[in-house]
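Throughout, protein chains are lettered first and strands after them, A, B, ... in sequence-line order, and every chain is numbered starting at 1.
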Amino acid sequence: MLILLFYIGNIMYTIKCEKIREIAPMVVLKDIPHTPDFFAGYFNYRGIIVPVIDLCQLVQGRACEMRLSTRIILVDYKGKNDTSHPLGLIAERVTETVRKPEDAFVLPDIRSEQAPYLGGIVMEKKKMIQYIDLDLLPNCINFLPGGD
Amino acid sequence: MKKLSGQSEISSRQPVENCWKRIGVWGNEEPRCPKLDEVIHCRNCDVFTQGGRNLLERNLPEEYKNEWTEVMAAKKEEALPGTVSVVIFRIEDEWLAIRTQVFAEIIDPDSLRGHSLPHRKNPVLIGVVNVHGDIQLCVSLSELLGIENAVKKDWKDQKLMMVVNTDAGRWVFPVNEILGIYHVYPHIFQNVPVTVAKAQSTYTKGIFNWKDKHVAFLDDDLLFYSLIRNVQ
């Protein structure tokens, strides 16, 4: 299975590529007032309005550094009634993908109450990388369409 | 303040190491890089990969976000399915097209050293030319296809040299103008009228209209086959 590696600060995270629609460069986003800090704004993606979340802000409480390698990962997530919604995730150093067998994904028993979407672990060269579970992410960010 | 701290982090991260230009495959300093034994070529080496990655750790250039915002907001132009990619060019008064797959490049004839071949009376074979250090045969498509010259010209006066790649080697031939690479639908190809007796029609797979021009789509397999026969 192909996974995308990226960074939030100095820590590497990953996401499964099967959920990814496109990796877009950083663009100007439409800022919406009175939304949480991690909500970066709306992205005009080929005429579709896509909400974009700043993963650095969500996980570490500071905005992503604006570098060439900072990109928007466009994903599709399943909301209520199995409807699919596009979502953008800003992350740093989005430059690499690797292949991993299915059994490299481990789900530990411990789950963070605050961030259950960061539960799983992938082993890569003896390093542990947390992967972002897209099925759980929208529920944690309850203002997204299709969340609970 | 945050931005400043980010920049200092970058500059401290990269004491720009370009070992590949010194002791790697793009350099010739001794002693050679010890890692080369293992990785064979610098492009397989972590240090080289990291060097490339560091290039992406620069701050966003001005206008970068604005430009990409426009690109991403536009509808995606998808390659039309079932089209043929062709290069359209002109020889004398005739507009011709050839598959893009065989097209290699366009060269300014001023930068070419050409040489005629003595004791060769074949009008199709113009001579040999030096293309990037390789000697290639230069042929005249207008002679082969029987395109009549509006004005008789010496081949050195042609504006452009077109290079094509085939399984049987490279060919260079003069053309007067290049329109560019275009996608055309195969269904707009029309058959060549059977009454046309010119040699050109043999090499033409079909004729299509491009804007206000009639373009003959050349059968490259047959064309290069007969070129080989012709110059032997």
Heavy atoms of other groups near B:Lys213 NZ, more than 12 under 6.0 Å: yes
Residue pair B:Leu56 / A:Arg71: nearest heavy atoms and the distance that separates them: CD2-NH2, 4.0 Å
Over 12 non-hydrogen atoms of neighbours within 6.0 angstrom of NE2 in B:His214: no
Min side-chain heavy-atom separation A:Arg67-B:Asn59 under 4.5 Å: yes
Heavy atoms of other groups near B:Ile188 CD1, more than 12 under 6.0 Å: yes
Heavy-atom neighbours of B:Trp68 CH2 exceed 12 at 6.0 Å: no
Atom CE of A:Met128 with >12 non-hydrogen neighbours under 6.0 angstrom: no
B:Asp108 atom CG: more than 12 heavy-atom contacts under 6.0 Å: yes
Interatomic spacing from OG1 in A:Thr70 to CG in B:Leu60 - rounded to 0.5 Å: 7.0 Å
Side chain to side chain, A:Arg46 and B:Met72, heavy atoms closer than 4.5 Å: yes
B:Ala73, part contacting chain A, at a heavy-atom distance under 4.5 Å: both
Heavy-atom side-chain proximity of A:Glu96 to B:Arg53 below 4.5 angstrom: yes
Minimum heavy-atom distance between A:Gly47 and B:Lys75, given as atom pair plus value: CA-NZ, 4.3 Å
Which atoms of A:Glu22 approach chain B - backbone, side chain, both or neither, heavy atom under 4.5 Å: side chain
pair A:Asn44-B:Thr69: side-chain heavy atoms closer than 4.5 Å: no
